[in-house]
Asker: 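Structure incoming, see below.
Count residues from 1 along the sequence. Indexing begins at 1, ligand by ligand and atom by atom, following the structure's order.
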Amino acid sequence: MTRLGILLSGRGSNFEAIAFNVAAGKLPVRIAVVISNRPEARGLEKARAHGFPAVCIPSKGVPREEYDMRLVAELKAYEVDLVCLAGYMRLLSPCFIREFPMRVLNIHPALLPSFPGLDAQEQALRHGVKVSGCTVHFVDEDLDAGPILLQAAVPVVDDDTVDSLSARILREEHRIYSEAIALVASGKYRIEGRRVIQIR
Ligand code: GRF
C-alpha cells in the first residue's frame, strides 16, 4: 500500500480530510508520517491526536538544501513513497524533487496557472475573476507549476471576502486532494507533456 508522508506548516485541515478518508476506508493508502517545519503548527497536534507519527524538523535558520536533505532522510526512514504538501509553506529544492520524481503532490487554492504563490484567494478577488477554485498538481522544480491532476471550480460572488471565498474553496480542496491521491496510488494514469491522462 502507498505510504504517504505529509508535510505541513499550519492548520492542517487538508491533512485531516485525508486522514478522515483513510480512516473511512475511502482512500487506500497509509499515512506513514506527518512532518512540520514549524513547531507551533496546529496540524502537528492534530496528527498526534489521530495517532500518526508526527515529527517537527524546525527550518528556521537552516539552509534550504541541508534542510531538505534532513527531510528526505526522515521520509525515507518512514518508507514514504508519496509526499503530499498540505499547506507546507516552503519551496522544495531540486535535490528534494530528484529524490521523489513525480512523487510529490501539492494543493493550491486557485485554478492554476492563475494566481500562483501566496494569498491566491486574495489575488483572485483583487483580479475580479468570477470563478476560482483549487488545483492538485505534481510538484516540479518551479513554484505551483507541475502537471495538473485535478481541479475544482467555485463561483466568486459579489459580496465575497477573502475568508468566505477561502472557505468555499477549502471544501473543494478537502474533496479533490483525496481523489488525486487515490488516482496516483492506483497508478492508473500516464503523463504526456503537461497532461495527466487517466487510464480507465
Ligand atoms: C490550503 O488553502 C492549501 O490550498 C494551501 O494552504 C492551505 C493549507 O490549509 N496550500 P490547511 O493547513 O490544510 O488547513
Asker: Are a donor atom and an acceptor atom from the side chains of H174 and E16 found within less than 3.5 Å of each other?
Answerer: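 Per modelled atom types, H174 and E16 side chains form no pair under 3.5 Å.
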
Asker: Answer with yes or no whether G43 contacts ligand 1, where contact means a heavy atom under 4.0 Å from a ligand atom.
Answerer: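 G43 does not count as a contact of ligand 1 under the 4.0 Å cut-off.
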
Asker: Tell me whether ligand 1 is touched by I107 - counting only heavy atoms on the residue side and a distance under 4.0 Å.
Answerer: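 A heavy atom of I107 does come that close to ligand 1.
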
Asker: Testing the basics here: between F96 and V72, what is the closest heavy-atom pair and its distance to 0.1 Å?
Answerer: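 Nearest pair, atom of F96 first, then V72: CD1-CG2, 3.6 Å.
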
Asker: If you measure every N or O of F15 against every N or O of ligand 1, does any of those distances drop under 3.5 Å?
Answerer: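 So ligand 1 has no N or O lying under 3.5 Å from an N or O of F15.
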
Asker: When you compare the side chain of I181 with that of L27, does any pair of heavy atoms fall below 4.5 Å?
Answerer: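 With C-beta onward as the side chain, the pair touches.
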
Asker: So which heavy atom in the protein is nearest atom 9 (O) of ligand 1, and how far is it from that ligand atom?
Answerer: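 Checked against all protein heavy atoms, atom 9 (O) of ligand 1 sits closest to R11 NH2, 3.1 Å.
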
Asker: Nearest protein heavy-atom contact for atom 11 (P) of ligand 1: which residue, which atom, what distance?
Answerer: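 Looking at atom 11 (P) of ligand 1, the protein heavy atom closest to it is S13 N, 3.4 Å.
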
Asker: Where is the nearest protein heavy atom to atom 12 (O) of ligand 1: which residue, which atom, and how far?
Answerer: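 Protein heavy atom with the smallest distance to atom 12 (O) of ligand 1: G12 N, 2.8 Å.
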
Asker: What's the shortest distance from atom 13 (O) of ligand 1 to any protein heavy atom, and which residue and atom give it?
Answerer: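 Of the protein heavy atoms, N14 N, 2.8 Å lies nearest.
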
Asker: Between the side chains of R175 and E172, is the shortest nitrogen-to-carboxylate-oxygen separation below 4.0 Å, so that they form an ion pair?
Answerer: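 A salt bridge is present here (some side-chain N lies under 4.0 Å from a carboxylate O).
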
Asker: Could you check which of E16, E173, R42 puts a non-hydrogen atom nearest to atom 3 (C) of ligand 1?
Answerer: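 Selected option, by shortest heavy-atom distance: E173.
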
Asker: Just checking K188: does its NZ atom have more than 12 heavy atoms from other residues, nucleotides or ligands closer to it than 6.0 angstrom?
Answerer: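 12 or below, so no.
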
Asker: For atom 6 (O) of ligand 1, what's the nearest protein heavy-atom neighbour? Residue, atom name and distance, please.
Answerer: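 Scanning the protein heavy atoms, the shortest distance from atom 6 (O) of ligand 1 goes to G87 CA, 3.6 Å.
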
Asker: Would you call K76-E99 a salt bridge at under 4.0 Å N-O?
Answerer: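 Yes, this pair counts.
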
Asker: Taking the six-membered ring of Y78 as reference, does the NZ or CZ atom of R3 fall below 6.0 Å from its centre and within a 45° cone about the axis?
Answerer: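 Judged by the rule (NZ or CZ under 6.0 Å from the ring centre, within 45° of its axis), R3 is not positioned above Y78.
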
